[in-house]
Structure formats: structure tokens, C-alpha cells
Amino acid sequence: MKLLYKNVDKEGEGTVGLIAEEPEDMWHAYNLISEGDSVRSTTIRKVQSESATGSSTSNRVRTTLTICVESIDFDTQACVLRLKGRNVEENQYVKMGAYHTLDLELNRKFSLKKQEWDSIALERVDMACDPTQNADVAAVIMQEGLAHVCLITASMTLIRAKIDVNIPRKRKGFVQQHEKGLTKFYDNVMQAILRHVNFDIVKCVLIASPGFVRDQFYEYMFQTAIKTDNKLLLENKSKFMLVHSSSGFKHSLKEVLQDSAVINKMSDTKAAGEVKALENFYTMLQCEPAKAFYGKKHVEKACEAQAIETLLISDNLFRCSDVALRKEYVKLVDMAREAGGEVKIFSSMHISGEQLDQLTGIAAILRFPMPELDEEDESDTEN
Amino acid sequence: MSRHRNVRSMNYSDEYDGYDDVYGHSVEDDYCMSPSEAAFMYDREGKSKQKMGAFFQTVTDIAEENEGELESKENSLSEVDRARLESCIEQIKQTIGSSVPRQDLVNILLMYNFNIEKSINFILDNPQYKDVKLPEKKDKVPVLSKDSEVSSVKVVTPGPKTTNVTKGFDLAQKEANRLNVTPRSQSPASGRGTPINIQPSSEQNDDVKNFKQKDNKTDVVTQYKKERGGSKEHLYMVVIGHVDAGKSTLMGHLLCSLGQVNQKTMHKYEQESRKLGKQSFMYAWVLDETGEERNRGITMDVGKSQFETDTKLVTLLDAPGHKDFIPNMISGAGQADVALLVVDATRGEFETGFDYGGQTREHALLVRSLGVSQLAVAINKLDTVSWSQERFNEITQKLKVFLKQAGFKENDVAFVPCSGLTGQNLVEKPTENELLTWYNGPCLINVIDNFRSPDRPISKPFRHSINDIFKGTGSGFCVSGRIETGSLSTGDRVLVCPSKELATVKALAIEEVSQQIAFAGDQVSVTLSGIEMQNVSIGYILCDPQNPVQVASKFQARIVVFNVTVPITKGFPVVIHHQSLVEPAVISKLISQLNKSTGEVIKKHPRCLGNNSSAMVEIQVSRPIALEVYSDCKELGRIMIRVGGVTIAAGLITKVILSTN
């Protein structure tokens, strides 16, 4: 993301101009824009004009519109952000108050005006514009008959392909069917890698599996690459890395990102950091349950007592349309920071973020043990 | 027209499966109806054109042509009279319930010129309606009937075939009855008011039905006895233990000694394994067949083989010991009746296998949670410690304590010293003097022979879990797995769940031998037709279309947490193992923490679940799966919960939560 200008006054009102350069920037934009903001961007609009005789013609024109956002859609697979809202600036083609849907495009300027830029939003802008945080990693999580090919960027984990193949079991005298099924499966995975992994960007490809599946696959892939003279694979052989995971399911990615060899290689990826933080939380919950709290109410209590050492919070919570609720969360984050606590905002697109989302979206490791709150009522456990 | 009438005036309780299948309850129970039910029935009657159904009631012997005449009797009334009639009937029904046919009521009311009191008196006095009582007295009847129903269910559980066959067969029978014996087709409202004069016929009819049922019911059992009575009992045994405990070698040697492997093959294995420099693995090659397994010298998937003892036909499932292949081990153990735990007696080896993280513990806990209650422990490689009795006792002591904790009864666990490589104490009495000095117990094969084979739930609805899918010879494709409950014969229609597709069984084979019928407990490969191979995957359940298994993506389970490094919280991503199915899931809710032994609720909505706790949780699976509540079907009501390659909990499904949409 490129920051063009930032005009934010002391009250927090203002406009920021940005250019999205990568698909991932769309994710940042998605997290930045909330309902009620106004977004100005260039777009294509179908305009109908009526001639004097009454015949109407329609043609598409490129124009710049400013809309007040009413609903936001994000397609995680294609990384497309779609904003729907009313026009707030009269234009030669579009009347005031007419509905328009903006598709934010890559490499085109857009400006975002908010009534109030809170600390979370400003931080997001900084983070999005930080070029050092780019570390693209591809990972293949597999087990016999199941494989996920995913791309891990700083703030997103995208499943690019899922391969689910039936492999007949070994049976007396029918070993061939098993081996044939396995070969077919490996071939599918290899094709998926070739199709979805861009070796120009990706720094490292992790192949993770239980047992020997990864070794077998690695061997198969390079044998086939030699046979078919696949330069792309052979040139990038050094980028492949074999790691252990307990299964081929998506959440095993967590184990992969905890592997020390992987951490070294990926050094400072957000994904790995988040996994680590969540792990710490769980360890604390096991050892000293009085120092690990989760759920909004509990964390708020802890925050009031200035007990928060590390606050884990999912960005999903900031994306809610309820302004008051968002403010509460922002306040919580600010308070925790003021009290000297560390705040980690998890991306809900990562595996660890998904897990945190399930765990009410907010958790905290405390400095000192606090008495457990028993009056936890239904509403807290329901959400 | 007459067909329609049959449908409309059918006695619904008669048509209801649950009643049909129960034999041994009295006829009266069949017809009785609770007041609340009766009210409902009345409502129904009021809305539809009830007259015809009622007509059959009164005039038992008269054929249909009278219909018009009778109807006109009511029709001929004036508008006002009819309204009056309607309100009178209403009132009468409120007093005495709706057990008297409407048509009768109409007649009586007309007779007494709409005098309600007189009409009721007439009804109560009239012997024809002797069943009719004032509602207070009737109150108890439903309770009674329920009781008898329950008890009769206990006596005989309806067989799946029974329902099937009876349905197709009985329907015609009933239809025939209905045509000439009208009371059978009385209106749904007239629950108890069966006139006495035709009672015998309906009783008889019921008798016939019950007899049929009994016949069909015993059918499966007798057929089972006929098919299996003569031969040896089938027993499925899973071999478990830490990696490199020598499971495959032990079993390979056992098979060899029993003559299941011919000399030539054995010689080949010996030569080839020597070539690879792994001669000690020659026996393991009997069960480890894939190149990968042989090269690495470890079992990766469950190997299957068969041998006979004096009284039993044992199917051997050789489970992999390596940590990463526990999913395979679980699917193998899920099919077993008994287990053989192999432990390495070598100094240091037993300790690594048994200490935390070793698979000896995990495997034993797993098989216990999967419903295996009998266990034999083979203390293997005792030759490496020169058949020391001390070592044997030391290991037995340690294991005994642990196995007791794991929930095995002391009587159900047997310990045998042996050596898989040298073949001591496998099939024949030991020859080693060092061993003979202190051991004179049974050898391994005798211990296996002494296992009790469990009862097979043959008469329950058919369930079969798919464990493998492959292309067979000929058309269609095969799915193999174990019949958990019920029985299956060729030509049957089966429902494949959770995709809910129907398929036809074209052929059945047990151990490559084709069969006409297979029963609960059998490992069968079923050739299916009428369904695409892509639409079936491992872990699916084949079931009886009449009695399908439940499909849901959310359920409640009572879990027992094992040793966990991190506590279980809400939103914990786990992998659940249900039969052969492995599926990612999330623990979506912690409902309550329970006392481990008494099952009392200690705490509602606990924040987290630590080591060795027991709890009620709600689990959300990413896509719908086929399952059953534990109390209905033990086999399909068990789940294993694993995280990061470690089994963290075992659970029993207590409630299936069906999604509302």
C-alpha cells in the first residue's frame, strides 16, 4: 500500500489517500473502511441518456465518485473489495443520493474520509504501508489423500487449492491400487503447486505432513521435474522445506509455523508471531489459569485493574458495524497500551486468528493473577 | 375413490413403524390413544370430510354402496339442524372423548333429537360402546400402553430387514383386510371404539402380523445361526503397541508358525530382506506389503490377515505403532473386538514406549475408548533380557496399574512372555530353559483362543462404516469396512450417508469369499452400484434406508480429557475421529464440567478444561457427518479427539443438534 497523503486533524477527522498495490492491500482496506465512511475513487458507471426524441442510449463512462459506504463485501479468494453506498458529491453523470457500487482497483488512487480516525485505524495504515513486512510463503499441508496448498502473506492465509483424493488402502495382493492412487494424488498436488505458487514472489515453500508423505512427495516431485525437464521447479529446489505436521488439515498450519526451522527462515512474519502469542496464552491458561483471561467482560475487568501484559485481539472485532462497540474495543486497546501492555492485533485471515475468533476474539495474558470471575452469564458465552 | 378412502381412513397408529414392529403387546394397546392425541385427531377430522371414514365404523358388514344413502341422512338436514348437530357432537366429544364414531353420534343425536345428555347416557349404557369411558378413567391408559410398548421393545429390537420385508409384504395384506373388514380402516378419530363384534378379526389380523414379524425377526437370527452356527466364531483382533515393539514381526511369525504363509514366500522374504540388510524384518514383511513400509521397516497402514485357533477364526489387524500413523491405527482399532498390546521388554525400550509421549499408553487408552474391553499383553523380546522373570514382573506390575486406570478389568487382561523373532511361546510351549523355570502359563495362541467373542447386534438396524474404497473386479466399485449393527444381503438397497444417496448392493465378500448375507461384526467388501465412486469417501456410513443414521454437523458429547499440554477452551480446533472418518472440528461450546466418576455438574460454562477432567461439550464439524447417539448405537456414538498428533480426549455423543435450516 502506498500512502499519498494524510490529513487528519486533532479530533481525528480527516482524509487519507492511498493506492493499493497488492491483493493483500485490499485486505487492509477492508479492515480500514467501515460503514459510514466516505470513499472517493475512480470507477465505471453505466449512464443512460435520453435524447430529445425519447430514445435512450446507455454508455459506460469512467468517472470519479464519492460514496458514503453502506455495505462492504470482501472476497477472500480473489481479494476484491466491493463497497456499496450513496453518492454524496454531485457529478455530471450521477445524482446526489444515487446508489453506486465501487470496486476498489489495484494501482488506482482512492481516498478515505472518516469522521474519526482512531488509533487502530491509523496503525493499520502504517502497517499496510510498511514494505518490510512482506514475506510471502507458500505452504503445502498434506496427508495421504488430502492436501491444502496455501499462500501465507503478512496478514492473510489464503487456501489456493484443496486436493481430496481417495486412496485405496493396502490390501493383500492389491498393493498396486494403493500405489497408483498415491501417485495420482502426488501428481495433483504438484500441479496445484505449479499453478498457484508464483516462484518470483514466494520466498519459501513449506511442505508439511505427518509420516513420510512429505519425503515421498518431494522425491516424486523432483523426479517428475527431471523427467519432464521442468526448469521452474528445478531452479527453485532450494526454496522447498520439509516440515512435520500432525495432519493435512488447515489448522495444522499452526504447528508448521511453530517449527523452529520455519521461524528462522521466515524470521519476522506476522503469522508466526501470532501463533506464538496464542500458544503463550494457552500455556498460561494451563499453568496459571488466573493469569489468562478471555472474553470481553473478563478482559475488561483485567484492563481496569491494569493487569494486562499482552492483549490478543482479533481484527474481526474492529470490523463490526456497531460504532459504539468498536469504540469500546478501541478504548480497551488504548487503555492496555497506556498501562504498558503489549497489544497484538490478530488477522482473522490467519489460522491463529480464526482460533482466536472462536475464542470470543479477545484474550489477555495478565501480569498478576486475578480472581476468576464466576458471574459469567449466558450472553457472554453465547457470542 | 376407494383407494383414496383407504389412505384417508387409515388408522395411523397402525401404519406407524414403531408399533408395527413390536410384537407381544395387546391389541388394545394398539388402538388406545391418549386424550391429547384424541383431541388432535378430532381436529383433523373436523377439517377433512370425515363422514366416509366414520361410515365404515358403524356399518361393519355393509358394502360401500350405502355410503350415499347414509351421507344423505345427514345432508338432508336443514342448515340450522346441521349446525346444531355439529355443536352437539362437539360437546359430546368433549365429555367422552372422540372414541365413538361420528356417524354413530349423528344417528344417536338424531334419535334423541339433539339431547346431549340422553345421547351420552345412551352411549355409556350401550354395550357396543363399552370401551367408552369418561375421560378421567381413561387417563391411565396411555401410560400403561407406553409401558407395555417399552417393555416389548426391550424384548425384541426390531430388525432392519424385518421392517423392510414386512412393509412390502404386509401392506398388501392390510389392504386386503381393509377391503372386506371395514373396522380396520376406521377413521383415525375412533381410536378405541372398535365394535366388539369384529374385534376377533382384527385381533387375528394382528396375530398374523405379529407372527409375521416374529418370523422375520427370528429370521435374521436363525439365518445367522444357520450360516455361522457350524463354523468357528469370528474374532477381530487389533495388535497395538509402541513403534518397534515388534508387532508386525510377532504376528508375522505367528502366521508363519500356523502355516498361513507358505515356505516359498517366506524364503523369498528372507532373501530379500537380507539383501536390504534388514533380515530381522523378514517376518514383518508378511504384513507390511508396500515398498515404502518394507524399506523403512515400519508399518504405516493397518495390515490385515487371518488365522484359525482351536475355537476361533481370528482376523488380525496389525496397527502401525508410529505416532504419525495413529489415525490409521484408530480406524483399525475401531473395527476390532479385542486387542493385543505388544510391549518391548528390552531395557530402556519399554520405558520410552511407556513414558509420556510413548504410544503404549496412548494406544491402550485409545482401544479402551473405542470399546475394546479385553486385552492381552505380549511382553515381547524377552530373549534380549535373557528371559528374566524380574523384568517380566516389573513390566507386568507397571502395566497392571496403568491398565486398571485406563478402565480394563483385571480379569480381562492377560500377560504372556514371548519373543517374536525367535518364536518362543507363540504357538507351542516354550523350549527355552530360562523361561521354563518360571513360566508355565498358556502360550500366545491359547490366550487369543481364550478371548470371548462379543455379542453381535444383528437385530439392530443396518449400519456399515466405510473404511476403504477401491475398484473391484467387474463393474461397480467396492467399499470395505465393518458392519457395525444389523445384517446385509445382496440386492439390498442401502443409503449412503451423509451424502444421502441410494445404492444397491451387488455383491458381498468376506475375505475375498463372496457371500449372500453378512452380519454385524463382519468385515465385508460391498460392491455397490447406482452411485458414483467420487461421491463416496472414507468414513461414510451405509445404512438402512428405512432406518437411516442421523446426519448433522453439530453435536453434544461427553468427553474425558486425557493428558493435555494446553487446556481445551471454547473454539479449540481439533481433529475428530469417528469410525474411519477423520474430520477437522471445533469445540464450539463448553457446556459444563462434570465430576469424572459421578457425572455431576461441577461447573457450568467452564473457561477451560484441564488434565483428566470430564465435560459436556458442543462440537461443530466443518461439514455434516453421519453419526448416532451413543445410547442408540454404541459403535457410531464414539469419538476420539486429537490435536497436533496427540489424542487429547475421548467422547460419547449424547445429543445430535440438527441445524435449523
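Chain naming here is simple, since letters A, B, ... match the order of the sequence lines and numbering starts at 1 in each. This one's a predicted model, so the numbers in the text were calculated from it and none came from an experiment.
- In terms of heavy-atom pairs under 4.5 angstrom with chain A, the leader among B:Val586, B:Ile326, B:Ile538, B:Thr565 is B:Thr565.
- The residue among B:Gly645, B:Gly571, B:Pro567 with the most heavy atom pairs within less than 4.5 Å of chain A is B:Pro567.
- The two residues B:Val302 and B:Ala319 make their nearest non-hydrogen contact at CG2-CA, 4.4 Å.
- Contacts of A:Asp164 with chain B are made by side-chain atoms alone, with heavy-atom separations under 4.5 Å and no backbone atom involved.
- For chain A, the option among B:Val582, B:Asn467, B:Val536 with the highest count of heavy-atom pairs below 4.5 Å is B:Asn467.
- Looking only at heavy-atom pairs under 4.5 Å with chain B, the residue among A:Gly145, A:Pro289, A:Gly181 that has the most is A:Pro289.
- Judged by a 6.0 Å distance limit and a 45° cone about the ring axis, B:Arg296 is positioned over the six-membered ring of A:Phe212.
- Heavy atoms of A:Gln355 lying under 4.5 Å from chain B belong to its backbone as well as its side chain.
- Only the side chain of B:Ser331 comes within contact range of chain A, judged by heavy atoms closer than 4.5 Å.
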Problem set entry | CA sep, side-chain torsions, deciding dist, call: B:Asp301, A:His178, side chain to side chain donor-acceptor pair (under 3.5 Å) | CA-CA 11 Å; B:Asp301 203 349; A:His178 171 77; 5.5 Å; no

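- In plain terms, the two heavy atoms of A:Val256 and A:Ser245 that are nearest each other are CG2-CB, 3.9 Å.
- A perpendicular orientation is assigned to the rings of A:Phe318 and A:Tyr329, their planes being inclined by more than 60° (bins at 30° and 60°).
- Neither the backbone nor the side chain of A:Leu146 comes within less than 4.5 Å of any heavy atom of chain B.
- Each of B:Cys608, B:Gly610, B:Gly644, B:Pro320 has some count of heavy-atom pairs under 4.5 Å with chain A, and the biggest count is that of B:Gly644.
- A centroid separation of 6.0 Å or more is found between the aromatic rings of B:Tyr269 and B:Tyr283.
- Because its NZ or CZ atom is not both nearer than 6.0 Å to the ring centre of A:Phe185 and within 45° of the ring axis, A:Lys180 does not count as a cation-pi partner of that residue.
- Heavy-atom distances place the backbone of B:Glu583, and not its side chain, under 4.5 Å from chain A.
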